[in-house]
*Asks:* 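Sharing a structure with you now.
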Amino acid sequence: GQQVMQIPQYQHVQEGEDFTTYCNSSTTLSNIQWYKQRPGGHPVFLIQLVKSGEVKKQKRLTFQFGEAKKNSSLHITATQTTDVGTYFCVYRGGSNYKLTFGKGTLLTVNP
Amino acid sequence: DSGVTQTPKHLITATGQRVTLRCSPRSGDLSVYWYQQSLDQGLQFLIQYYNGEERAKGNILERFSAQQFPDLHSELNLSSLELGDSALYFCASSADFLGTDTQYFGPGTRLTVL
């Protein structure tokens with residue numbers, strides 16, 4: 001079956017450092033979404049990627065969808081304490097349109 | 001504020017009991033999704049309803065059931081509760097059928113089974 005691995009599971013950085021989380025799939029994805037969940041909060045939609053090789057930017061955040069549509073990444077430039085939270089990739093696949101969240105990457109930022 | 005409401009915020013109950021969690025989607029959204037979030041399993045998709053009909057099923061146990069009513073609010077029923085059912089239950093809504101639109105999450109219901 002389709003498997004998506006999200007790495008790393010945890011990442012601790014100093015404020016101002018960059019951060020990247022990756023989602024890698026064993027099969028081609030039709031699209032991928034990214035969500036952020038602050039500690040104690042609920043997931044909040046960040047972006048959706050659909051096209052092969054797509055790159056989208058939101059201020060300090062850069063999202064990429066691989067050429068083969070099997071991997072995606074979220075890169076944060078110059079992290080701030082407000083970036084703290086868990087970042088999830090989300091995809092829908094399989095015959096039952098099952099939605100699957102990656103395990104998430106918990107980002108902590110040391111001020 | 002996402003516009004999705006969930007009640008109750010917290011629920012404490014005993015093993016073997018049955019509880020009902022309620023969700024009201026954002027105005028205009030026809031799809032409702034239920035998720036379970038626990039420390040060891042992460043965020044697990046349970047089920048999706050679209051305009052009253054079941055649309056997609058995830059890792060939902062047979063002891064759990066859900067429905068979406070004509071006014072589009074949804075309820076998740078959890079029965080014969082076990083300790084392992086303790087988790088945060090999120091409801092989300094979206095406008096579309098396929099789930100490719102943005103999902104807006106509610107604040108969640110924290111269930112504790114003692």
Side-chain angles (χ1 to χ4, degrees), chain A residues 1-11 21-23 28-51 54 56 58 61 63 65 69 72 74 85-107, chain B residues 1-7 9-10 21 23-26 29 31-50 53-61 66 87-111:
Chain A
Q2 187 172 48
Q3 290 190 354
V4 171
M5 297 291 295
Q6 189 173 355
I7 54 171
Q9 193 174 357
Y10 306 97
Q11 184 79 58
T21 174
Y22 302 89
C23 267
T28 302
L29 302 172
S30 56
N31 63 71
I32 195 161
Q33 299 177 341
W34 287 91
Y35 284 75
K36 175 186 178 182
Q37 185 177 19
R38 291 181 189 274
H42 58 270
V44 174
F45 175 81
L46 294 176
I47 205 104
Q48 176 170 264
L49 304 171
V50 179
K51 298 177 185 175
E54 189 169 16
K56 287 188 176 179
Q58 291 178 352
L61 276 61
F63 303 84
F65 203 8
K69 299 179 76 173
S72 181
L74 157 58
T86 302
Y87 293 85
F88 295 98
C89 61
V90 184
Y91 63 96
R92 185 187 284 268
S95 58
N96 66 348
Y97 295 102
K98 176 182 167 182
L99 279 161
T100 304
F101 273 68
K103 293 291 186 188
T105 296
L106 173 60
L107 171 65
Chain B
D1 182 10
S2 66
V4 178
T5 60
Q6 288 187 250
T7 56
K9 197 168 184 177
H10 300 278
L21 312 183
C23 167
S24 291
R26 286 192 328 150
D29 283 356
S31 274
V32 169
Y33 309 78
W34 285 98
Y35 294 89
Q36 178 192 58
Q37 187 172 41
S38 58
L39 283 173
D40 56 341
Q41 292 293 321
L43 200 59
Q44 298 281 320
F45 167 67
L46 295 179
I47 198 162
Q48 177 197 356
Y49 279 83
Y50 178 82
E53 300 288 328
E54 184 182 303
R55 172 70 182 95
K57 215 166 188 175
N59 301 322
I60 188 165
L61 299 172
L88 197 50
Y89 291 84
F90 286 108
C91 163
S93 74
S94 73
D96 71 323
F97 175 75
L98 285 177
T100 52
D101 260 5
T102 300
Q103 290 184 53
Y104 295 88
F105 280 76
T109 293
R110 183 167 294 281
L111 173 66

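Quick caveat: nothing in here was measured; it's all calculated off a predicted structure. Here is how names work: the chains are called A, B, and so on, in the same order as the sequence lines, proteins then strands, and each is numbered from 1.
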*Asks:* For the residue pair A:Tyr35 and B:Thr102, what are the closest heavy atoms and their distance?
*Replies:*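 Between these two residues, the closest heavy atoms are OH-C, 4.2 Å.
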*Asks:* Which residues pass the ring pair (Phe, Tyr, Trp, His ring centres under 6.0 Å) test with B:Tyr104, sequence neighbours left out?
*Replies:*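 Checked B:Tyr104 against ring pair (Phe, Tyr, Trp, His ring centres under 6.0 Å); zero matches.
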*Asks:* Counting heavy atoms not belonging to B:Arg26, are there more than 12 under 6.0 Å from its CZ?
*Replies:*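 More than 12 heavy atoms, drawn from other residues, nucleotides or ligands, come within 6.0 Å of this atom.
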*Asks:* Relative to chain A, which of B:Gly106, B:Ala92, B:Gly42 shows the most heavy atom pairs under 4.5 Å?
*Replies:*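 Top option by heavy-atom pairs under 4.5 Å: B:Gly106.
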*Asks:* Check whether B:Tyr35 reaches the backbone of A:Phe101 with its side chain - one donor and one acceptor, N or O, closer than 3.5 Å.
*Replies:*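 Absent.
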*Asks:* Show your reasoning for whether side chain to side chain donor-acceptor pair (under 3.5 Å) applies to B:Gln103 and A:Gln33.
*Replies:* CA-CA 10 Å; B:Gln103 290 184 53; A:Gln33 299 177 341; 4.6 Å; no
*Asks:* Would you say A:Tyr22 has more than 12 foreign heavy atoms packed within less than 6.0 Å of its OH?
*Replies:*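 Open.
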*Asks:* Do you know the tightest heavy-atom contact between B:Ser2 and A:His42?
*Replies:*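 Residues B:Ser2 and A:His42, closest heavy atoms: CB-NE2, 4.3 Å.
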